[in-house]
Every structure is written in structure tokens, then in C-alpha cells.
Amino acid sequence: MDRDEMIFQEYKLYSEQKENFIDRNFKTNRFYMISLFVILLGMIYTGNVVFLSKISATLVFALLGVAISALWWMNVDSYNTLIKVKYANVLEKIEEKLPVKPFTDEYQGIEDFRKNKVFMFSDIQKIVAAVSALFFFAVFVNELTPVIMAIFNKLINVVSTSI
């Protein structure tokens with residue numbers, strides 16, 4: 001195998017790895033979306049279930065929803081960074097030795113596209129993650145407020161009876 005063929009094979013291998021990585025990213029996003037949907041269903045179907053001292057299932061599910069949404073946001077950010085930096089740069093360096101540079105051209109096209117302030121798929125994923133986090137946080141605060149008020153009322157009753 002000559003040098004050019006070896007470079008091409010390395011390029012082909014990295015190219016396939018990048019595509020596999022992107023596929024894994026889509027599967028991960030599907031996992032987060034399904035998880036949030038299941039949490040929402042859990043909140044709907046267990047709304048009246050109460051655990052220890054007024055801690056409802058909705059409160060627990062809302063906290064879990066906030067955590068999953070935050071993890072999703074961080075995951076989208078990590079995948080984007082890895083795809084852009086690790087794989088794009090490696091492929092671009094290998095492409096310097098090839099007569100054609102499709103990934104470099106593609107990356108430049110994406111950068112030009114982003115300069116027009118058009119939303120990319122990853123931006124939409126982040127928006128969905130942020131909106132779901134805000135939703136679950138609002139539900140969490142709504143469920144937590146009566147618990148805090150009950151504790152506060154007990155504290156006032158204890159203080160007023162001791163005076």
C-alpha cells in the first residue's frame with residue numbers, strides 16, 4: 001500500500017467514525033426526549049401520590065425533569081464541541097494531503113450559514129432542553145411552595161406556643 005492509499009484509508013476511517021459519533025448523538029438525543037416524555041407522563045399519572053410529609057410524586061418528577069434537561073443541554077454542548085474540534089480538525093488535517101477537501105468545504109459552508117444567524121439543529125435541541133428545564137422547574141417550585149409553607153407554619157406554631 002502506497003502512502004496516498006494509506007492516507008485515504010485513514011481519512012475514510014475517521015470519516016466513518018465521525019458519522020458513527022453523529023449517529024450516537026442522535027440516539028442520545030432520542031433517549032433524553034423519551035426520558036422527559038416519560039417523566040411528564042409520570043407527573044400526570046401520579047399527581048395525587050404523596051410521600052413523606054407532603055412530598056408529592058410530582059415534586060420528585062419535576063426535580064428529575066430539571067436534572068435530565070440540564071444533562072441534555074450539557075450533552076448537546078459536549079457532542080457539538082467534540083464533533084467540531086476533534087473530528088473536524090483531524091479530518092481537515094488529513095484532507096490537506098488529499099486532492100479534494102469535502103469536510104473542509106462542508107465546515108466552511110456551515111460556518112457561512114451560521115453567520116446568517118440561522119438556527120442549527122443543535123440550537124433547537126438546546127432550546128427544547130432549556131424550555132423543558134424551565135417547565136419542570138416551575139412545576140417543582142409550585143409543588144415545593146406548600147411544603148415550605150407547612151414547615152414555616154409549624155415553626156411559627158412551635159415558637160408561638162413556647163412564648
For a quick test of reading the model, state the closest non-hydrogen atom pair linking [X] to [Y] and the distance between them.
X    : Y    : result
A129 : S69  : O-CB, 3.4 Å
V66  : F137 : CG2-N, 3.3 Å
F140 : A62  : N-CB, 3.6 Å
S56  : E143 : OG-OE1, 2.7 Å

Quick one: pull up [atom1] in [X] and [atom2] in [Y] and give me the separation to the nearest 0.5 Å.
X    : Y    : atom1 : atom2 : value
M149 : I156 : CE    : CD1   : 7.5 Å
T28  : R30  : OG1   : CZ    : 9.5 Å
Y45  : T58  : OH    : OG1   : 13.5 Å
S132 : W73  : OG    : CH2   : 10.5 Å
I148 : L155 : CD1   : CG    : 13.0 Å
L41  : I34  : CG    : CD1   : 11.5 Å

Would you check if [X] and [Y] make a side-chain contact, meaning some heavy-atom pair closer than 4.5 Å?
X   : Y    : value
L63 : L59  : no
I39 : F136 : yes
L36 : W72  : yes

Any chain of hydrophobic side-chain contacts (each under 4.5 Å) joining [X] to [Y]?
X    : Y    : answer
Y32  : V38  : no
I44  : F135 : yes
F31  : V128 : yes
V49  : L144 : yes
V141 : L40  : yes

Any donor-acceptor N/O pair, N29 side chain to N25 backbone, under 3.5 Å: yes
